[in-house]
Structure formats: structure tokens, C-alpha cells
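Residue numbers run from 1 in the order of the sequence given.
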Amino acid sequence: MLNVGSRLLLLGALLATPLPARAYSCAVSPAKDSIIIKTDNPSNSPVTCKVDCTFKAADGPVKLSCAQEIPAGAKGWYVCLRPTGGKALEFVEGQENCK
């Protein structure tokens with residue numbers, strides 16, 4: 001069993017670490033004219049999330065990063081919406097960091 005001091009240190013360490021990744025998505029709109037980045041926040045408090053997405057295009061990779069505060073309990077929250085510039089894009093990879 002941990003003593004009070006050890007518990008406080010453990011709690012402090014847990015609070016200082018970033019929250020685990022949420023359920024994010026990086027997608028091209030059905031009309032293929034926009035990139036849509038969405039995420040969820042299952043926690044009971046707002047968090048700020050940064051989502052990085054990479055897409056493949058004929059002329060090379062297209063990278064997009066967006067950040068926003070996501071309200072508590074949000075599902076499918078739009079982090080950002082950006083035009084494709086007429087490029088045909090295919091999702092390659094992404095990552096999310098929420099704090």
C-alpha cells in the first residue's frame with residue numbers, strides 16, 4: 001500500500017502526462033472538395049487536441065495540422081475543414097495529441 005506522499009507523487013505524474021489519443025478521423029468530403037478532421041472527447045472536461053493528417057496526392061504528400069479545444073463529451077467534433085485545392089487525395093496516416 002502506498003503512503004500519502006507516494007500517492008500524491010503518483011497522482012501528480014498521472015496528471016502531468018498527456019491524455020491518451022482520442023478517436024480522430026482525417027477524411028476527404030463526399031464531394032472531394034474538402035479535408036475534414038474530426039475527433040471525440042469522452043472525458044468530463046474540455047481538452048485541447050492537435051490532429052496531424054497526411055494525404056497522398058499526385059504531386060506529393062499533403063500534410064495538414066489542426067488544433068482546437070474539444071468540449072467535454074463531444075463526439076464527431078469538427079476540428080477543422082480545409083479545401084483540397086482541387087487535388088485528388090488519399091489518406092495515408094495521422095496522429096492526435098490531446099492535453
Side-chain angles (χ1 to χ4, degrees):
M1 186 104 185
L2 297 173
N3 64 33
V4 174
S6 296
R7 287 184 198 166
L8 289 175
L9 285 173
L10 181 59
L11 179 60
L14 289 173
L15 292 175
T17 58
L19 294 172
R22 304 289 190 251
Y24 72 92
S25 67
C26 303
V28 177
S29 68
K32 302 197 183 311
D33 60 352
S34 300
I35 296 171
I36 302 168
I37 298 178
K38 297 191 292 186
T39 194
D40 297 342
N41 177 9
S43 74
N44 293 329
S45 58
V47 294
T48 298
C49 294
K50 179 183 177 215
V51 182
D52 301 310
C53 304
T54 303
F55 293 85
K56 181 171 63 172
D59 60 349
V62 173
K63 297 182 179 192
L64 177 61
S65 294
C66 297
Q68 190 179 123
E69 183 174 274
I70 313 302
K75 291 187 179 199
W77 186 266
Y78 281 78
V79 180
C80 69
L81 178 71
R82 299 288 186 268
T84 62
K87 294 181 179 184
L89 301 174
E90 180 182 329
F91 177 70
V92 175
E93 65 181 351
Q95 65 180 14
E96 178 181 54
N97 185 7
C98 297
K99 295 181 183 179

Residue pair Lys87, Asp59: steps toward the side-chain contact (heavy atoms from CB on, under 4.5 Å) verdict: CA-CA 9 Å; Lys87 294 181 179 184; Asp59 60 349; 3.3 Å; yes
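- Residue pairs satisfying the ring-ring contact (aromatic ring centres under 6.0 Å, His included) criterion with at least one member in residues 74-99, sequence neighbours excluded, are listed as follows: Phe55-Phe91.
- For the atom pair Lys75 NZ and Lys38 NZ, the distance stands at 13.0 Å (nearest 0.5 Å).
- Ala27 is linked by a side-chain contact (heavy atoms from CB on, under 4.5 Å) to nothing, counting only residues two or more places apart in sequence or in another chain.
- Applying the ring-ring contact (aromatic ring centres under 6.0 Å, His included) test to every pair with at least one member in residues 27-51, sequence neighbours left out, gives no pairs at all.
- Residues Glu96 and Thr39 are in side-chain contact: their nearest non-hydrogen atoms beyond the backbone lie under 4.5 Å apart.
- Ser34 is not listed as a side-chain neighbour of Val28, based on a closest heavy-atom distance of 4.5 Å or more.
- Rounding to the nearest 0.5 Å gives a distance of 8.5 Å between CD1 of Ile35 and SG of Cys66.
- Considering all non-hydrogen atoms of both residues, Leu89 and Ala57 come closest at CD2-CB, 3.6 Å.
- When atom types are taken as modelled, the side chain of Thr84 and the backbone of Gly86 share a donor-acceptor pair closer than 3.5 angstrom.
- Side chain of Asp40 to backbone of Pro42: no donor-acceptor contact under 3.5 angstrom is found.
- When only modelled atom types and interatomic distance are considered, Gln68 and Thr48 share no side-chain donor-acceptor pair under 3.5 Å.
- Within the model, atoms CD1 of Ile36 and OG of Ser25 stand 8.0 Å from one another, a figure rounded to the nearest 0.5 Å.
- Across Ser45 and Ala72, no two heavy atoms sit closer than the pair N-CB, 3.5 Å.
- Here the side chains of Thr54 and Cys26 are not in contact, with every heavy-atom distance at 4.5 Å or above.
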Intermediate values then yes/no, salt bridge (charged side-chain N to carboxylate O under 4.0 Å, His left out), Asp52 and Lys63: CA-CA 7 Å; Asp52 301 310; Lys63 297 182 179 192; over 6 Å; no
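- What you find for Pro71 and Asn41 is that their closest heavy atoms are O-ND2, 3.2 Å.
- Here Ser29 contributes atom OG and Arg82 contributes atom CZ; the two are 14.0 Å apart, rounded to the nearest 0.5 Å.
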